[in-house]
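Structure, as structure tokens:
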Amino acid sequence: MSRLTLPPLVVVMGISGVGKSEIGHELADRYDIPYEDGDAFHSEANIAKMSAGTPLTDDDRWPWLESIGAWLHAHDESGGVVSCSALRRVYRDVLVSAAPRTTFLHLAGDHDLIRQRMEHRDHFMPVSLLQSQEETLEQLEPDENGELLDITPTPAEIVDEFLARTEVVDEQEGPR
Ligand SMILES: Nc1ncnc2c1ncn2[C@@H]1O[C@H](COP(=O)(O)OP(=O)(O)OP(=O)(O)O)[C@@H](O)[C@H]1O
Ligand SMILES: O=C(O)[C@H](O)[C@@H](O)[C@H](O)[C@H](O)CO
């Protein structure tokens, strides 16, 4: 079982269009803690590259991951929620080494549902990059602190399920 120490410090992860921003806001609002979008940490070059339909490389992603790790570290005391695709284990390890108590909320779902949702929003990320996102994704491993959630329910239901599945620990008061 994964662990959520309070105030929550959470990375909402998963491929593009899976609902990281939607679910991230929902979770942050529940605890009245800050939310930040991982896309805000991309360089202009990274955004231009993705907008043009070219997948990012590991080298494009390292500095971006370091910035998100720094955000997590800075929010260790207050808690916070940040969206970040965090597709590979080595990417997540960068985040965890910056902020060891991080909990991952991995959103995943049916390809066609994600495609449909992406087609109905106004966003720089082209649907054509969905395949490379899926190919790059590595599932959470058993020793990682996180949960995999399906994206079919409403955002509120997804957050309820995440909280039901994690051991919520108040460091001041112990498990509850
Ligand atoms: N559980 C849900 N039920 C219905 N619609 C949803 C749900 N989650 C997200 N959506 C919708 O799906 C679209 C994609 O969601 P969102 O932008 O939050 O994904 P994202 O993972 O943050 O994407 P990206 O990584 O590309 O920024 C949005 O239009 C959003 O409103
Ligand atoms: O690792 C990546 O390829 C990127 O983070 C993408 O996932 C985008 O930032 C995001 O999903 C688009 O909004």
Side-chain angles (χ1 to χ4, degrees), residues 1-42 58 61-110 113-114 117 133-176:
M1 192 189 215
S2 54
R3 201 176 144 91
L4 184 78
T5 47
L6 299 180
L9 193 64
V10 173
V11 172
V12 184
M13 60 166 280
I15 64 172
S16 181
V18 84
K20 298 182 294 294
S21 148
E22 193 83 29
I23 276 68
H25 275 113
E26 176 78 28
L27 178 62
D29 288 351
R30 293 266 181 117
Y31 285 93
D32 198 20
I33 53 177
Y35 170 81
E36 187 59 83
D37 203 295
D39 283 341
F41 299 91
H42 276 305
D58 284 355
R61 288 182 177 122
W62 297 130
W64 169 69
L65 290 160
E66 292 292 345
S67 312
I68 296 178
W71 189 91
L72 284 165
H73 182 75
H75 288 79
D76 198 1
E77 248 176 62
S78 65
V81 180
V82 64
S83 68
C84 173
S85 49
L87 299 176
R88 300 185 58 210
R89 167 74 193 246
V90 280
Y91 301 166
R92 298 191 288 272
D93 287 348
V94 171
L95 304 178
V96 172
S97 68
R101 76 177 182 95
T102 298
T103 310
F104 291 98
L105 192 177
H106 180 197
L107 294 169
D110 178 65
L113 176 60
I114 298 168
R117 287 184 184 171
Q133 293 272 303
E134 288 167 336
E135 285 166 2
T136 308
L137 177 69
E138 294 169 1
Q139 297 298 322
L140 282 167
E141 293 178 17
D143 65 322
E144 292 186 273
N145 188 32
E147 292 290 330
L148 175 65
L149 279 298
D150 178 71
I151 61 166
T152 319
T154 64
E157 288 167 339
I158 294 171
V159 168
D160 288 345
E161 179 66 20
F162 173 65
L163 296 174
R165 284 211 225 152
T166 47
E167 182 193 6
V168 180
V169 179
D170 192 332
E171 297 275 84
Q172 320 276 277
E173 295 173 17
R176 48 165 218 168

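Since we're looking at a predicted model, the values are computed, not measured.
A donor-acceptor contact closer than 3.5 angstrom is absent between the side chains of D29 and Y35.
Here the side chain of T103 pairs a donor or acceptor atom with the backbone of R3 at under 3.5 angstrom. K20 places no side-chain N or O within donor-acceptor distance of the main-chain N or O of C84, the cut-off being under 3.5 Å. A donor-acceptor contact shorter than 3.5 Å links the side chain of S83 to the backbone of G38.
In this structure, the separation between CD1 on I23 and CG on L107 is 5.5 Å, given to the nearest 0.5 Å. Interatomic distance, CD of E144 versus CE of M13, reported as 7.5 Å (0.5 Å rounding). Taking CD of E134 as the reference point, atom OG of S16 lies at 10.0 Å (rounded to 0.5 Å). Taking CG from L65 and OG from S97, the interatomic distance works out to 10.0 Å, rounded to the nearest 0.5 Å.
Taking each heavy atom of T166 and S2 in turn, the nearest pair found is CG2-OG, 3.1 Å. Here the shortest heavy-atom pairing between L95 and A86 reads CD1-CB, 4.2 Å. Closest of all the heavy-atom pairs between L9 and A99 is CD2-CB, 3.9 Å. Heavy-atom minimum distance, V168 versus L163: CG2-O, 4.0 Å. Taking all atoms of both residues into account, the shortest heavy-atom contact from D37 to S21 is OD2-CB, 3.6 Å. When every heavy atom of I33 is checked against every heavy atom of P7, the shortest pair comes out as CG2-CB, 4.4 Å.
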Show me, pair by pair, the donor-acceptor contacts under 3.5 angstrom made by side chains of residues 69-76, not counting sequence neighbours?
from, atom 1, to, atom 2, distance (Å)
H73, ND1, A98, O, 3.1
H75, ND1, W71, O, 2.7
D76, OD1, R101, NE, 2.6

Output side-chain donor-acceptor pairs under 3.5 Å for residues 136-143, partner residues at least two apart or in another chain, one line each.
from, atom 1, to, atom 2, distance (Å)
T136, OG1, S132, O, 2.7
E138, OE1, R89, N, 2.8
E138, OE2, R88, NE, 3.3
E141, OE1, R89, NH1, 2.9
D143, OD1, R89, NH1, 2.9
D143, OD2, R89, NH2, 3.1

Distance-only donor-acceptor hits, side chain of residues 153-160, under 3.5 Å, sequence neighbours excluded:
from, atom 1, to, atom 2, distance (Å)
T154, OG1, E157, N, 3.2
T154, OG1, E157, OE1, 3.3
E157, OE1, T154, N, 3.0
D160, OD1, R30, NH1, 2.8
D160, OD1, R30, NH2, 3.0

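Taking 4.5 Å as the limit, some side-chain heavy atom of V82 sits within range of a side-chain heavy atom of F41. R61 is listed as a side-chain neighbour of L87, based on a closest heavy-atom distance under 4.5 Å. Residues L4 and Y31 meet the side-chain proximity criterion, which asks for heavy atoms closer than 4.5 Å.
Under the side-chain contact (heavy atoms from CB on, under 4.5 Å) test applied with E161, the options L105, L149, D150 reduce to a single match, L149. Each of L148, V12, V10, V96 was compared with F104 under the side-chain contact (heavy atoms from CB on, under 4.5 Å) criterion, and only V96 meets it.
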